[in-house]
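Numbering of residues begins at 1 and proceeds along the displayed sequence.
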Amino acid sequence: MSKPLSAFKVMTFDVVGTLIDFENGLTGSLAAIAAENGKAFDAETALTLYRNARYEPEALRFPDDLPRVYGRIAPVLGLPADAATGERLRNDVRLWKGFPDSRAALAALAARYRLVAMTNAQRWAFSLFEKELGSPFHASFTVDDTGVEKPDPAFFEQVLADLAARGYGKDDVLHVAQSQYHDIGVSRALGIANCWIERRHAQAGYGGTIAPQAFTQPDYHFTSMAALAEAAL
């Protein structure tokens, strides 16, 4: 896309995985449980198990689904599958950190663009993530607000409708995300310009995120939020 980044007025953001380091947060908690129980632990194996369990039909909203997921993956990892440890995994979400470049990049971008969070996380978790990121957003939409999760187009349509009511058209919007499955493919299908933050650029596979049926070539591509902010500003 030849359109300069400065031509956009709004940046919408995926949060978990793009701005919050969900994979290290999750595997860090699981590794601690494994160490306490004298078990070997491999992060990529755990992420594969998580991904498969997270997208089962009976999945709940994230992160309240983590105790259920833990119950599914703990026996395979050789970890205690008791309910209390599953609750611990969910509660550890409160300790998850942003990527090192997220807070500064968002603060810089907020001076020029309207920043809107779009997350499949529940509102209680997003409130924690937002504080971790320095509360940079002008507006936010969670799964509790929309009633659906990305990649459901209805999530995006609700955000676009809100922006339209504020005087912003679709051409004003750049959607920023790391997930090809949840964000990049559907934003392309809806005619929304997108920016892929390839957080796993140094790693193989899709980690804890479901793989897309087909790869979508993004309009803009960076491997960090710092790089996006530098290019946009």
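A 4.5 Å side-chain heavy-atom check between Leu190 and Glu157 finds at least one atom pair inside the cut-off. With contacts defined as side-chain heavy-atom distances shorter than 4.5 Å, the pair Phe62/Val143 does not qualify. Two residues are said to be in side-chain contact when any heavy atoms from C-beta on lie closer than 4.5 Å; Tyr70 and Pro80 meet this criterion. Residues Thr27 and Phe41 have side chains in contact (heavy-atom distance under 4.5 Å, counting atoms from C-beta outward). The side-chain heavy atoms of Phe141 and Asp162, taken from C-beta on, include a pair separated by under 4.5 Å. Residues Leu30 and Ile73 meet the side-chain proximity criterion, which asks for heavy atoms closer than 4.5 Å. Looking only at side-chain heavy atoms (C-beta outward), Asp219 and Arg188 come within less than 4.5 Å of each other. In this structure the side chain of Leu163 never reaches within 4.5 angstrom of the side chain of Asp172, judged on heavy atoms.
At distances below 3.5 Å, at least one donor-acceptor pair connects side-chain atoms of Tyr113 with backbone N or O atoms of Ala232. Side chain of Asp152 to main chain of Ala154: a donor-acceptor pair is present (N/O by atom type, distance under 3.5 Å, no hydrogens or angles). With Arg103 contributing its side chain and Pro136 its backbone, the two residues share no donor-acceptor pair below 3.5 Å. A distance-only check finds a donor-acceptor pair linking the side chain of Lys3 to the backbone of Asp171 [under 3.5 Å]. A donor-acceptor pair under 3.5 Å is formed between the side chain of His138 and the backbone N or O of Leu115. When atom types are taken as modelled, the side chain of Thr18 and the backbone of Gln178 share a donor-acceptor pair closer than 3.5 angstrom. No donor-acceptor distance shorter than 3.5 angstrom exists from the side chain of Arg54 to the backbone of Val69, with no hydrogens or angles considered.
Note that OG1 of Thr119 and CZ of Phe137 are 9.0 Å apart. Values are rounded to the nearest 0.5 Å. Distance CE/Met118 to CG/Asp183: 7.0 Å, rounded to 0.5 Å.
Under the 4.5 Å side-chain heavy-atom criterion for Ile, Leu, Val, Met, Phe, Trp and Tyr, Phe99 and Leu26 are members of distinct hydrophobic clusters. Linking Ile, Leu, Val, Met, Phe, Trp and Tyr residues whenever their side-chain heavy atoms come within less than 4.5 Å leaves Val186 and Val15 in two separate clusters. Note on Leu160: it clusters hydrophobically with Tyr168, by side-chain heavy-atom contacts below 4.5 Å among ILVMFWY residues. Hydrophobic clustering keeps Leu106 apart from Val10 (ILVMFWY residues linked when any side-chain heavy atoms are closer than 4.5 Å, directly or through intermediates).
Using a cut-off of 4.0 Å between Lys/Arg side-chain N and Asp/Glu carboxylate O, Arg199 and Glu23 are scored as not salt-bridged. The pair Arg61-Asp64 fails the salt-bridge criterion, with no side-chain N (NZ, NE, NH1 or NH2) lying under 4.0 Å from an Asp/Glu carboxylate O.
Under the 3.5 Å distance criterion, with hydrogens and angles disregarded, no donor-acceptor pair is assigned to the side chains of Trp124 and Asp144.
With sequence neighbours left out, the side chain to side chain contact (heavy atoms under 4.5 Å, CB included) criterion links Tyr55 to Arg51, His182, Ile210. Every side chain to side chain contact (heavy atoms under 4.5 Å, CB included) that Lys97 has, sequence neighbours left out, goes to Glu132.
The aromatic rings of Phe129 and Trp96 lie parallel to each other, with less than 30° between the two planes, well short of the 60° mark. Relative ring orientation between Trp196 and Phe215 is described as perpendicular, the plane-to-plane angle rising above 60° on a 0-90° scale split at 30° and 60°.
In the displayed structure, Arg72 atom CZ is contacted under 6.0 Å by at most 12 heavy atoms of other residues, nucleotides or ligands. Applying the 6.0 Å contact sphere to CD of Glu36 captures more than 12 heavy atoms from other residues, nucleotides or ligands. Residue-environment remark: CD (Gln213) stays at or below the threshold of 12 foreign heavy atoms within 6.0 Å.
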